[in-house]
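Shown next, in C-alpha cells, is the structure this report addresses.
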Amino acid sequence: MSNPTGTPDPTPTTAFKSRPGFARIWQAARYSRDGMIAAFRHEAAFRQELAVGVPLMALAWWIAPGRWEALAMTLSIVAVLVVELLNSAVEALADAVSLETHPLIKRAKDIGSAAVMLSIAGAALVWIVALV
C-alpha cells in the first residue's frame, strides 16, 4: 500500500488494524468486554479479587472521611484489578508459548505475581492512611 506521496507505506496493514472513528471505539469496547469475560471465566484470582474488591469499593464511599480519600481507596482497588488482568495476560501468553517448564517463563510469571502482591500491599497502605 502507498501513502499520498507514492512511496510504500512501511506500516503493514492487516485485518486486525484499528478502524477509524467511532468504529474503533466500539471495537475496543468489545475487546475489553471479551477480556473481562475471559478473566472472569478462566482466572480464579481475578474472581477472588473482584469478590473482595467490589464490596470494598462500595464500602470506601461509606467509611472514608472525605471524597478524596474514598476516591483513593476505590482507585487502589481498581489498580489491583488492573495489575491482575495484566498478570493474567502474561500468564496466558506464556502458556501459549510453552506449557513446559522454562526458566524465563517462570521468571515472567513470578514477576507478574510480584506485581500483583505489590499492588495489594499498596492498596492496603492507601486504605490505612485514608482511615487513620
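In this structure, the separation between CZ on Arg107 and CD1 on Ile111 is 6.5 Å, given to the nearest 0.5 Å. With rounding to the nearest 0.5 angstrom, the CD atom of Glu91 is 14.0 Å from the NE2 atom of His42.
Ser113 places no side-chain N or O within 3.5 Å of a backbone atom of Lys109 that could act as its donor or acceptor partner. Under the 3.5 Å distance criterion, the side-chain polar atoms of Glu43 are left unmatched by any main-chain donor or acceptor of Phe40.
Taking each heavy atom of Val80 and Ala123 in turn, the nearest pair found is CG2-CB, 3.9 Å. Residues Thr74 and Trp61 come closest through the heavy atom pair OG1-NE1, 2.8 Å. Looking at every heavy atom in both residues, Ala70 comes nearest to Ala60 through CB-O, 3.8 Å. Closest approach of Ile105 and Ala94 over heavy atoms only: CG2-CB, 3.7 Å. Heavy atoms only, all atoms of each residue included: Ala39 and Leu85 are closest at CB-CD2, 3.5 Å. The two residues Pro55 and Leu50 come nearest to each other via the heavy atoms CD-O, 3.8 Å.
Leu125 and Leu118 sit in two unconnected hydrophobic clusters of ILVMFWY residues. Membership requires side-chain heavy atoms under 4.5 Å apart, directly or through other members. Note on Leu59 and Val52: same hydrophobic cluster, where clusters join Ile, Leu, Val, Met, Phe, Trp and Tyr whose side-chain heavy atoms are under 4.5 Å apart, directly or indirectly. Two different hydrophobic clusters hold Ile37 and Phe46 under the rule that ILVMFWY side chains link at heavy-atom gaps under 4.5 Å. Using a 4.5 Å cut-off between side-chain heavy atoms of Ile, Leu, Val, Met, Phe, Trp and Tyr, with links allowed through other members, Trp68 and Leu56 fall into different hydrophobic clusters. Val82 and Met117 fall into different hydrophobic clusters, where Ile, Leu, Val, Met, Phe, Trp and Tyr side chains are chained together by heavy-atom contacts under 4.5 Å.
The shortest distance between side-chain heavy atoms of Ile63 and Trp127 falls below 4.5 Å. Side-chain contact between Glu49 and Ile120 is present, with at least one heavy-atom pair separated by less than 4.5 Å. Side-chain contact between Glu69 and Leu131 is absent, with no heavy atoms from C-beta onward closer than 4.5 Å. Looking at Met73 and Met57, their side chains never come closer than 4.5 Å, going by heavy atoms from C-beta outward.
Ion pairing between a basic and an acidic side chain is recognised when a charged N comes within 4.0 Å of a carboxylate O; Asp34 and Arg41 show no such pairing.
Summarising the local packing, CZ of Arg67 is surrounded by 12 or fewer heavy atoms from other residues, nucleotides or ligands at distances under 6.0 Å.
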